[in-house]
Number of protein chains: 2
Amino acid sequence: MAEQTVEELVADVFSRGCTSREALEHVTGKWSLLALSALAESPHRFGELRRRIEGVSEKMLAQGLQTLERDGWVHREVHSTIPPHVEYRLTGAGAELVPHLLGLIDFVEGRMPAVRAAQAAADQVRPPR
Amino acid sequence: MAEQTVEELVADVFSRGCTSREALEHVTGKWSLLALSALAESPHRFGELRRRIEGVSEKMLAQGLQTLERDGWVHREVHSTIPPHVEYRLTGAGAELVPHLLGLIDFVEGRMPAVRAAQAAADQVRPPR
DNA sequence: TATGGCACTAACCATTGGTTAGTACGGCTG
DNA sequence: CAGCCGTACTAACCAATGGTTAGTGCCATA
């Protein structure tokens, strides 16, 4: 661990220097995850995404989309119109990423009864602060 | 959207009131994700996890493990010894969750060259602030 | 005596998340 | 006419969470 090769930088999430950590954080971010899921349905304009994802602010949405675009998961297309018209769609890479995310989302959603039961049981033994 | 049924609370990540949002945030949290991945290899003691996951502090690790335990993904077993001996292992649910996480991690790791290339290209067009 | 092992937690500062206001332009309504 | 709406962001500022550092108690060892 004293020395790190380039391969280790790429390949090992347990390694502090692994650059995929950051990329993982981006795609699993709270709002990015939901934006990607929405874009899996169809390309959206900014405002459409905003309305699709309840609870997200324009600021957080813009931030997440910017990151997703920079990492190459999302394609942003600006039409020079008034009012502004910006469209977001998944890139090829994004389209391959999304089934992984949706699989995880579906799994967790399906497990919510168990999660809730576990929380209730845990809170009985050890009430939260 | 004016009214929400219990089903909607459970089933729709796009909905503000969806409780699975929080559960998703927990399992995809930066340190929790790595803890779950390490536990997929074998049960670990606290210190073993700390050493396995480079860069995590005891505080952040403890916090993540506590959440994972509460949600029912991880089983925490305390042995009353001196020095303390606490062991963490995946629950049955955790064992089913982890392949989803590992699939995502593998996918993103494999895509890092493309992510980096996308970032470099994006930064040329639009240098980051 | 001091230090190390173990698994946390308290105190405090740094960073990111989130709220609110603002931008510019054309169209529509009262 | 003035005000508001639609659009897609960004600036300013406060709230919340992440992260750093110190501390806990007990036994064993140098």
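The sequence lines fix the lettering, A, B, ..., with proteins before strands; numbering per chain opens at 1.
Rounded to whole Å, the distance from NE2 on A:His79 to P on D:dC9 is 12 Å. Straight-line distance from the CG atom of A:Leu61 to the P atom of C:dG18: 12 Å, rounded to whole Å. If you measure from atom CD of B:Glu77 to atom P of C:dC6, you get 18 Å, rounded to the nearest angstrom. Rounded to an integer number of Å, the gap from CD1 of B:Ile53 to P of D:dG18 is 15 Å. The nearest whole Å value for the distance from the NE2 atom in B:His44 to the C1' atom in C:dA7 is 16 Å. Computed from coordinates, the B:Arg50 CZ to D:dG19 C1' distance equals 11 Å when rounded to whole Å. Atom NE2 of A:His85 is separated from atom P of D:dC9 by 11 Å (rounded to the nearest Å). Taking atom CG of B:Leu49 as the reference point, atom P of C:dA7 lies 9 Å away to the nearest angstrom.
The line from OG1 of A:Thr19 to CD of B:Glu109 is 9.0 Å long, rounded to the nearest 0.5 Å.
Put simply, B:Arg51 has a side-chain N or O that comes within less than 4.0 Å of OP1 or OP2 on C:dC6. Put simply, B:Arg45 has no side-chain N or O that comes within less than 4.0 Å of OP1 or OP2 on C:dC6. The shortest distance between the side-chain N/O atoms of B:Arg76 and the OP1/OP2 oxygens of C:dC8 is below 4.0 Å. The side chain of B:Trp31 contributes no N or O atom lying less than 4.0 Å from OP1 or OP2 of D:dG18. Here B:Lys59 does not reach the OP1 or OP2 of C:dA11: none of its side-chain N or O atoms lies under 4.0 Å away.
Formation of a donor-acceptor pair under 3.5 Å by the B:Ser20 side chain with backbone atoms of A:Val108 is not found in this model.
With the nearest nucleotide of DNA chain C identified for both B:Leu65 and A:Pro83, B:Leu65 has the one nearer the 5' end. Mapping B:Gln63 and B:Glu58 onto DNA chain D by nearest heavy atom places B:Gln63 at the nucleotide closer to the 5' end. Across the interface with DNA chain D, nearest-nucleotide mapping of B:Lys30 and A:Glu87 shows A:Glu87 to be the residue nearer the 5′ end.
The nucleotide whose nearest atom lies closest to any side-chain atom of B:Met60 is, among C:dC8, D:dA8, D:dG19, D:dG19. Of all nucleotides listed (D:dC9, C:dG18, C:dC8), C:dC8 comes nearest to the side chain of B:Ala62. Proximity note for A:Ser57 (side chain, C-beta onward) versus C:dT19, D:dC9, C:dA7: the nearest is C:dT19.
Between B:Leu90 and B:Val98 the shortest heavy-atom distance is CD1-CG2, 3.8 Å.
Transitive grouping of hydrophobic side chains (ILVMFWY, heavy atoms separated by less than 4.5 Å) keeps A:Val78 and B:Val125 in distinct clusters.
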Apply side-chain contact (heavy atoms from CB on, under 4.5 Å) to the pair A:Leu61 and A:Trp31, showing each step before the final yes or no. CA-CA 7 Å; A:Leu61 182 56; A:Trp31 301 119; 5.8 Å; no
